[in-house]
Amino acid sequence: MFGESVERLNRFVALLAEQGVERGLIGPREIERIWDRHVLNSAVVGELVPEGAHVVDVGSGGGFPGVPLALARPDISITLLESMARRVQWLEEVLDELSLENADVLRGRAEDKAVRAELGAVDVVTARAVAPLGRLAQWCLPLLRTGGLLLAVKGASVAEEIARDEAIVEKAGGESIDVVQCGVDVLEVPATVVVIEAAPRSVRSRKGRRRRR
Ligand SMILES: C[S@@+](CC[C@H](N)C(=O)[O-])C[C@H]1O[C@@H](n2cnc3c(N)ncnc32)[C@H](O)[C@@H]1O
């Protein structure tokens with residue numbers, strides 16, 4: 001899955017094992033299961049990312065899913081968007097250390113107008129463990145071009161989350177909601193990903209205007 005990037009991936013895992021717990025990026029119990037629950041669980045999301053896409057990983061934290069995704073898919077470019085300064089510092093160190101040329105780091109919040117303006121309309125937004133689905137849709141759908149995809153990595157309670165937040169997703173401009181299992185051939189527990197397609201921008205702004213009345 002990682003081709004020539006496997007050494008850089010090993011280096012990323014080593015950095016997390018050395019500094020991740022101390023710097024509050026990963027829990028102590030996560031180190032022993034870092035490969036399947038974090039690294040592979042992140043990389044397999046690439047199954048849903050089109051060739052050459054510009055991806056924004058919202059709330060990248062310690063670098064998931066953004067860093068494994070960038071290493072597994074040298075054809076894509078990825079912006080790691082993170083609001084917390086010390087995590088931004090970590091992500092910049094990681095990109096530097098791994099000489100990861102298809103990734104960059106942006107400090108900010110997904111819902112900020114300035115961040116939206118800086119990013120433009122991207123092809124794909126990824127997010128793992130950042131916010132409930134409805135809030136994610138409100139923050140992330142405005143970052144996407146028409147037909148762009150929000151890929152939210154979720155856990156076992158995904159069906160309940162969708163039932164609860166479906167109306168919010170639709171109002172935020174989600175055209176469709178699907179649930180896809182990624183990594184079925186590689187992982188004992190595949191990654192569950194909610195795929196939300198962005199409606200045309202004109203439709204999204206009409207919905208926004210209706211909501212404000
Ligand atoms: C629980 S951590 C998850 C980190 C990583 N995605 C993972 O799966 O390990 C959530 C991260 O999202 C960041 N975050 C929360 N809300 C955000 C927002 N609106 N925009 C950008 N980053 C955000 C937090 O600072 C934090 O680093």
Side-chain angles (χ1 to χ4, degrees), residues 9 12-13 15-17 19-46 48-49 54-72 78-95 98 100 103-120 122 124-144 149-158 161 165 168-169 172 182-183 187 189-194 196:
L9 190 67
F12 176 52
V13 170
L15 285 172
L16 272 170
Q19 304 175 31
V21 176
E22 194 188 313
R23 294 176 70 168
L25 300 159
I26 195 157
R29 291 216 318 255
E30 298 308 309
I31 295 295
E32 65 202 45
R33 45 194 187 189
I34 195 157
W35 280 97
D36 49 350
R37 282 188 55 144
H38 299 280
V39 172
L40 295 175
N41 179 278
S42 293
V44 296
V45 176
L48 300 171
V49 177
H54 180 200
V55 180
V56 176
D57 183 30
V58 168
S60 206
F64 298 108
V67 172
L69 205 47
L71 285 165
I78 183 155
T79 300
L80 309 176
L81 177 66
E82 172 54 54
S83 55
M84 201 183 277
R86 64 186 171 82
R87 294 190 172 151
V88 168
Q89 167 76 31
W90 157 262
L91 292 168
E92 281 171 347
E93 285 170 32
V94 166
L95 297 198
L98 304 182
L100 207 44
D104 60 4
V105 184
L106 179 62
R107 182 175 178 198
R109 298 190 62 87
E111 66 274 32
D112 278 358
K113 273 193 184 149
V115 169
R116 284 182 194 168
E118 175 148 2
L119 290 170
V122 305
V124 174
V125 172
T126 56
R128 192 185 83 151
V130 177
L133 199 61
R135 201 169 310 146
L136 263 188
Q138 290 169 333
W139 289 349
C140 300
L141 287 171
L143 298 174
L144 288 165
L149 301 176
L150 167 57
L151 306 178
V153 184
K154 289 288 178 182
S157 58
V158 66
E161 203 173 329
D165 289 359
I168 306 174
V169 173
C182 292
L187 286 168
V189 182
T192 301
V193 183
V194 180
I196 300 175

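Whatever order the structure lists them in is the order used to number ligands and atoms, beginning at 1. When reading the values below, keep in mind they use all heavy atoms of this one structure, side chains included, and skip hydrogens, waters and symmetry mates.
For the side chain to side chain contact (heavy atoms under 4.5 Å, CB included) criterion with D104, the lone passing option out of T79, L80, L91 is T79.
Note: L100 CG to F12 CZ = 9.5 Å, rounded to the nearest 0.5 Å.
Side-chain atoms of R107 come within 3.5 Å of backbone N or O of S83 as a donor-acceptor pair.
Under a 4.0 Å heavy-atom criterion, S42 is not in contact with ligand 1.
Looking at residues two or more places apart in sequence or on another chain, you find a salt bridge (charged side-chain N to carboxylate O under 4.0 Å, His left out) between R109 and E111. The salt bridge (charged side-chain N to carboxylate O under 4.0 Å, His left out) test applied to R135 returns no partner, not counting sequence neighbours.
For atom 21 (C) of ligand 1, the closest non-hydrogen atom on the protein side is G108 O, 3.4 Å. Annotation: atom 9 (O) of ligand 1 to nearest protein heavy atom, R128 NH2, 3.2 Å. If you check which protein heavy atom lies closest to atom 5 (C) of ligand 1, you get F64 O, 3.2 Å. Counting only heavy atoms of the protein, atom 25 (O) of ligand 1 lies nearest to E82 OE2, 2.6 Å. For atom 1 (C) of ligand 1, the nearest non-hydrogen atom of the protein is A129 O, 3.1 Å. G59 O, 3.6 Å is the protein heavy atom nearest to atom 11 (C) of ligand 1. Here the protein heavy atom with the shortest distance to atom 20 (N) of ligand 1 is A110 N, 3.0 Å.
The part of R87 lying near ligand 1 is the side chain, judged by heavy-atom distances below 4.0 Å.
The two atoms that bring A152 and L133 nearest to each other are CB-CD1, 4.0 Å, heavy atoms only. Across all non-hydrogen atoms, the minimal contact from D57 to G66 is OD2-N, 2.9 Å.
With S83, G61, S60, G24 as candidates, the residue nearest to atom 14 (N) of ligand 1 on a non-hydrogen basis is S83.
Between W139 and ligand 1, not a single N/O pair is under 3.5 Å apart. Any N or O atom pair closer than 3.5 Å counts here, and V130 shares no such pair with ligand 1.
Between W139 and V130, some side-chain heavy-atom pair lies under the 4.5 Å cut-off. By the 4.5 Å heavy-atom criterion applied to side chains, L16 and W90 are counted as neighbours.
Listed by atom number, the atoms of ligand 1 under 4.0 Å from E111 heavy atoms are 18 (C), 19 (N).
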